[in-house]
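Every number for a ligand or one of its atoms is a count from 1 in the order of the listing. The model shown is predicted, which means the values in this text are computed figures rather than measured ones.
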Amino acid sequence: MKISTDRSRLDRFPFPFSDERYRYSTNVEPAGRLVDIDDAYHRDLGERAEILAKDPSRHVVLPHMRPAAWDCMLTLMRQLASAYPADFELTGVGADHWHWRNRLLGQAQDFIYADESSLPMEPLAYIAGQVQEDIVLLDQRDQLYADAGVVTFAADWSFGFDVGMSFLEIHGPVPRIHEDRVITRAHEFLKRLQPHQPYRRTNWTLTVGHRLDVSTELYPEWGPDRETVQTVDDETFGRLVHLRVEVQHLVRLPDSGAVMFLIRTHLLPLDELATVEDWRIRTAKVLAELPEDMADYKGIAKYRHRAATWLDAASRAA
Ligand code: HEM
């Protein structure tokens, strides 16, 4: 079996399993850097732009969320400028006047905070064109409502369908988390989230092919891969099946009070994952042990046992 390695991708990969058994939990921890730029920057942003051009429903800002969109844009610009000062620069030039520079994209922009005519497009779309993360903004009323966002890389859900729904409604289809009170606890936690104290969590699934956009909208394109992947030879299986990990950040925006939810998607093929012995063993155990209802919900029920067997065999073949 041929094992291909890309060391830098492996070093950066946010391996999600701390144990050989996986169950849902409110797995949040204090966050460091909110945004993560890597060598897929131009490719990911190009893909996002194409998706948005074809399907505008991936970008929604309900009218009452306009202040939150500005708050989100400035927060992310500050983050980019402090995390990657050689590539991004934000300078205040008088009350509400700013100068933004993105050297990776060769862009420079003067703008006036909260004045939409000072930007080439709506601020959430503008900043979503400069970070690899998907973005959802939640308004806090009696509950949290997902009232704005740019989501182009959804894992088997539809932002256009979910927009305007409450946090609890959105999580309606997820098995176990209601009985286990995971989601009501997460909701209480999010309602108390404080500015300048961001948190992070991870979520994971498997994806066939290096495909970021596995949204419900495109199901006819990628859904059949779950069938066909069962029939490919072992070498192709290890190359095609990816562990998909979302690093999610939860941030209270300081001016608008909205909750910003960032989703950064990482994909690693099994044949690379298997080169790290601990990851190979733990992932095989998690996949083999995962209860059927969770595997079903994740859409991996048909091939997760083969993935586990493949990973088990990878040590002997390497
Ligand atoms: C601490 C916070 C959170 C927790 C503990 C949590 C938990 C979960 C879990 C366990 C799943 C199932 C994942 C899987 O099996 O692959 C899920 C799915 C999902 N979550 Fe969250 N989540 C959180 C925050 C959020 C936020 C802020 C949003 C923003 C809208 C969100 C949107 C979603 C969506 C859209 C799905 C897919 C639902 C579907 O299948 O239709 N989550 N979440």
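Listed by first and then second residue, the ring-ring contact (aromatic ring centres under 6.0 Å, His included) pairs that reach into residues 274-299 are F13-W279, F15-W279, sequence neighbours excluded. Residue pairs meeting the ring-ring contact (aromatic ring centres under 6.0 Å, His included) criterion with at least one partner in residues 51-75, sequence neighbours excluded, are W70-Y113.
Contact check on E122 versus R66 returns no salt bridge, with no Lys/Arg side-chain nitrogen under 4.0 Å from an Asp/Glu carboxylate oxygen.
In this structure, ligand 1 sits under 4.0 Å from heavy atoms belonging to Y24, V28, V136, L138, W157, D162, F167, I170, H171, P173, V174, I177, I183, A186, R201, N203, W204, L250, F261, Y297, K298.
Taking the side chain to side chain contact (heavy atoms under 4.5 Å, CB included) definition, one finds that L105 meets it with Y41, H42, L45, N102, Q107, Q130, sequence neighbours left out.
Other residues, nucleotides and ligands contribute more than 12 heavy atoms inside 6.0 Å of the CZ atom of F189.
Inter-residue side-chain proximity for L253 and L137 is flagged as met; some heavy-atom pair is nearer than 4.5 Å.
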